Structures are given as C-alpha cells and as structure tokens.
Number of protein chains: 2
Amino acid sequence: MALQQFAAVGFAGTSLQQIAASAGYSKSSVLYHFASKDALLGEVLTPAIERLEDILGGFTSTSEDAASRRQFIEDFVDFLLQYRLEVHVLINQAQSLKGIAVIDRARALIVRLGDALCQEHATTIDRMRFGVALGGAAYSLVAGLTFFDEDITPTDDLRPALITLLSELLAPVAVRTTQPRK
Amino acid sequence: MALQQFAAVGFAGTSLQQIAASAGYSKSSVLYHFASKDALLGEVLTPAIERLEDILGGFTSTSEDAASRRQFIEDFVDFLLQYRLEVHVLINQAQSLKGIAVIDRARALIVRLGDALCQEHATTIDRMRFGVALGGAAYSLVAGLTFFDEDITPTDDLRPALITLLSELLAPVAVRTTQPRK
DNA sequence: ACCTTAGCTGACCGATCGGTCAGTTCCTGC
DNA sequence: GCAGGAACTGACCGATCGGTCAGCTAAGGT
C-alpha cells in the first residue's frame, strides 16, 4: 500500500501517481477516496497512533511495579512489530511533516510516552536511553529493507530479542520509586 | 546549509530553490558550484563517510581487546557528535536514495561496520544490539530538532552518556572471545 | 586598455507535482 | 426498465521540480 512507500521513500518523495499505480488505480481514484495526500497520511497512521494511546493509557493507569512495566514493554514491542512501518514514518519524518494534524498528535503522544517513562528529574543518560530505545527499535525493524533485499528476520525471532533489549534499556529509567510524580 | 534541510525535511523534500534561498544565492548559482542535486548530496556527505572509514579501518587493524574496543566506541561517539546530521541522513534515507554513488558507498560501509562488530554467527539479539545502537544514536542526536524548538542538549553532556550507552549495548556483541566462530 | 575567467543570475525548458472536474461505468433498489 | 449513487477515470489546471543556457559583472594578468 501507500504506507510502504511512505516508509521507504518518505512522504515527500512519494507521489500520488506512484501510490495509485502500486495500488492499481488512477491518481484521480486515490483522490476520490482520500480528500488529499495529507488526509491519506492521516488515515494510514491513525490506527497505529490509537493503539499506542491505548497502551500508554493502560500503563499510566496502573500502579508502577515490575509486573506492569514488563507488561508495558511486551505491549510496546508487539505494537512495534505490528505497526513497524507506521512507527518508522512517525519517528523519522515527524520533523518534516509538522502541521499535519495526525503528525502533531503523534508527536504529542511520543512526548507523553517519554514523560511516562522518565520523570522530569531524569538525567541526560536516562532520557537518552528512552530515545535510543525508541529510535533504535524503529530503525532496526525496517533496516532490513535498507540493507538487504528482503526483510528476512521473522517476527517470532524478533519479539523476544526486542523485549530483552528494551527491558535492558528502559529498566533503569522506568524506575518510578515511591515518589509518585511531580 | 543544505545539509540541515536534508536532515530535517529529507533529500526528496528539499528543493534546490530552498537550498539556494537559505544560502543567499540563486538556484542557478547552486548548480554552478555543484553539477547536480545528487552531486551536492555527495559532497555534503563525503567527509563523514571518509571519517567513518578511517575509524573502522583503525579498529579492524588492531587486535581485539578491551582497550581497542573502548577506543573504537569513543571514536565512534565523537564521529556521531561531529557528523550527527550526516549520520541521520545516511541512516534514515539510505533506502530512498539507492543508486546515488555516495549513498551506496555509505551502505556498504555500514554493512562492514556491522560485520566488524558482530561476526556472522551472531544471534538475532546481537545483530539487533548493533542496529539499535546505530539507529538509536542517530535518532537521539537529532530528536531534539523534532520534539523541541532548539537542540538544547549540549555536546559535553551527550558524549559521556553516549559512550556509556553504546558500551552497554555493544559490549556483549563485540566480544570476540578465543572461540573464533561456529 | 584589453582579454580572460570565475562567480553569479534571470529566463526558460520539459516533466511532474497535488488537486479539480466533467463524464463514464456499473451496481442496486424500486 | 430505470433512476440514482458509488467507484473510477482522463483531461486539464497552476505551481514547482531539477536542470540548461546566454549573458552580466568584477577582478587579474598582460
């Protein structure tokens, strides 16, 4: 679909002609179903954003203990695996797509995610753990498309590896000790 | 310069008009100094690639012990900090820019880098450590541009944090123990 | 004084961009 | 059988894309 092109070539680098051709339709037909190119991007990305909002909501509403943190990481990894292309677009193109509604929504969500995982007293390295985990995961999940012809790594292999890695990276950060917040 | 636009908006999303305007010249003048848009990209990215080739060459030519690995990580972090925008472009846009000479050169270099750090017997999680470290570092170094108005994090703060993080991530991978492989 | 050359520019090119619109096809409910 | 609407399309629009070209200006060498 169009999503693959956005992730591979970038939103700006993908033309409506290419989207239409890869879908087997004409450009006019694409614009019949979607009001504009921006609207198409919105409809493509919205399911991923809503899923992430759900996960974050579930996490922030629970008490902070080891079990809920582990649950969050598992949910988050499954989210990454299911919406890997969407995540890649959001992470790597949010800067250039400022102003589009769905992108601004996603950016606010990512900021909230960072706040939930590391309080404002977090040190530079704590914040960077979050950034590296997020950007690194988003990158690795599509790196196969960049450096190999096929994305060969199967999901079954990736899931436990990602969970281990994100646990390592986020464990020291996510520790919300007795102090609840503020 | 043009590099900032490439990193921020993407190569495809940056027009020669914008590059020229931000440099205070006309589009014709830009094309007088650079044969084409692709050639401009090449000249912008080449210094970073050559520096990385130097670092990788120095690493592979030394014996594999803790000291040389630490030296490599320090060099690599300094490289990331110095060429953060270039790295971001290479990491996140290599896929869409296949065919441009400088990009293909960089892709081959990154593959070599991965091979040097984790042998072919490396497990999925080992390879992913490398990918997360690379993609994560590239992402965090420009995430400030995406989510905050200014890239406020000073380099002095970033360097030790990055070294610590990359050491953690790459330490288990880079262990070329006595056992050569398989 | 003259010529060369580097640096730079506006005008222009064909191609393609996102988007509009009138019209065609085809299916469905009556 | 037919009216109506949904799906779809080609032709077309102004704007902008990367790139070419002739020409302008200023500096330097002789």
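Only a predicted model underlies this, so the values are computations on that prediction, with no experimental measurement involved. Numbered from 1 within each chain, the chains take letters A, B, ... in sequence-line order.
- With sequence neighbours excluded, the residues that form a side-chain contact (heavy atoms from CB on, under 4.5 Å) with A:Tyr25 are A:Ala23, A:Ser29.
- By the side chain to side chain donor-acceptor pair (under 3.5 Å) test, B:Glu74 pairs with B:Arg70, sequence neighbours left out.
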Could you pull out all donor-acceptor pairs under 3.5 Å where a side-chain atom in residues 49-58 of chain B meets a protein atom, sequence neighbours excluded?
from	atom 1	to	atom 2	distance (Å)
B:Glu53	OE1	B:Arg105	NH2	3.0
B:Glu53	OE2	B:Arg105	NE	3.2

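- Scored by the salt bridge (Lys or Arg N to Asp or Glu O under 4.0 Å) test, A:Asp38 finds no partners at all (sequence neighbours excluded).
- Applying the salt bridge (Lys or Arg N to Asp or Glu O under 4.0 Å) rule to A:Arg112 yields no partners; only residues at least two apart in sequence or on another chain are considered.
- The main-chain N or O of B:Leu141 is found under 3.5 Å from a side-chain atom of B:Arg84 such that the two form a donor-acceptor pair.
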Quick one: which protein N/O atoms are closer than 3.5 Å to N/O atoms of nucleotides 16-25 of chain C? Pair and distance per line, please.
from	atom 1	to	atom 2	distance (Å)
C:dC17	OP1	A:Ser15	OG	3.0
C:dG18	OP1	A:Thr14	O	3.3
C:dG18	OP1	A:Lys37	NZ	2.7
C:dG18	OP2	A:Leu16	N	2.8
C:dG18	N7	A:Lys27	NZ	3.1
C:dG18	O6	A:Lys27	NZ	3.3
C:dG19	OP2	A:Lys37	N	2.7
C:dG19	N7	A:Lys27	NZ	3.4
C:dG19	O6	A:Lys27	NZ	2.6

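- Residues satisfying the side chain to side chain donor-acceptor pair (under 3.5 Å) criterion with B:Ser68, sequence neighbours excluded, are B:Asp65.
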Listed pairs, N/O of protein and of nucleotides 4-7 of chain C, under 3.5 Å:
from	atom 1	to	atom 2	distance (Å)
C:dG7	OP2	B:Tyr32	OH	3.4

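- Listed by chain and residue number, nothing satisfies the side chain to side chain donor-acceptor pair (under 3.5 Å) test with B:Asp104 (two or more places apart in sequence, or in another chain).
- Judged as a side-chain contact (heavy atoms from CB on, under 4.5 Å), and not counting sequence neighbours, A:Ala101 has no contacts.
- Judged as a side chain to side chain donor-acceptor pair (under 3.5 Å), and not counting sequence neighbours, B:Gln82 has no contacts.
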Which atoms of nucleotides 22-26 of chain D (N or O only) lie under 3.5 Å from a protein N or O atom, and what are those distances?
none

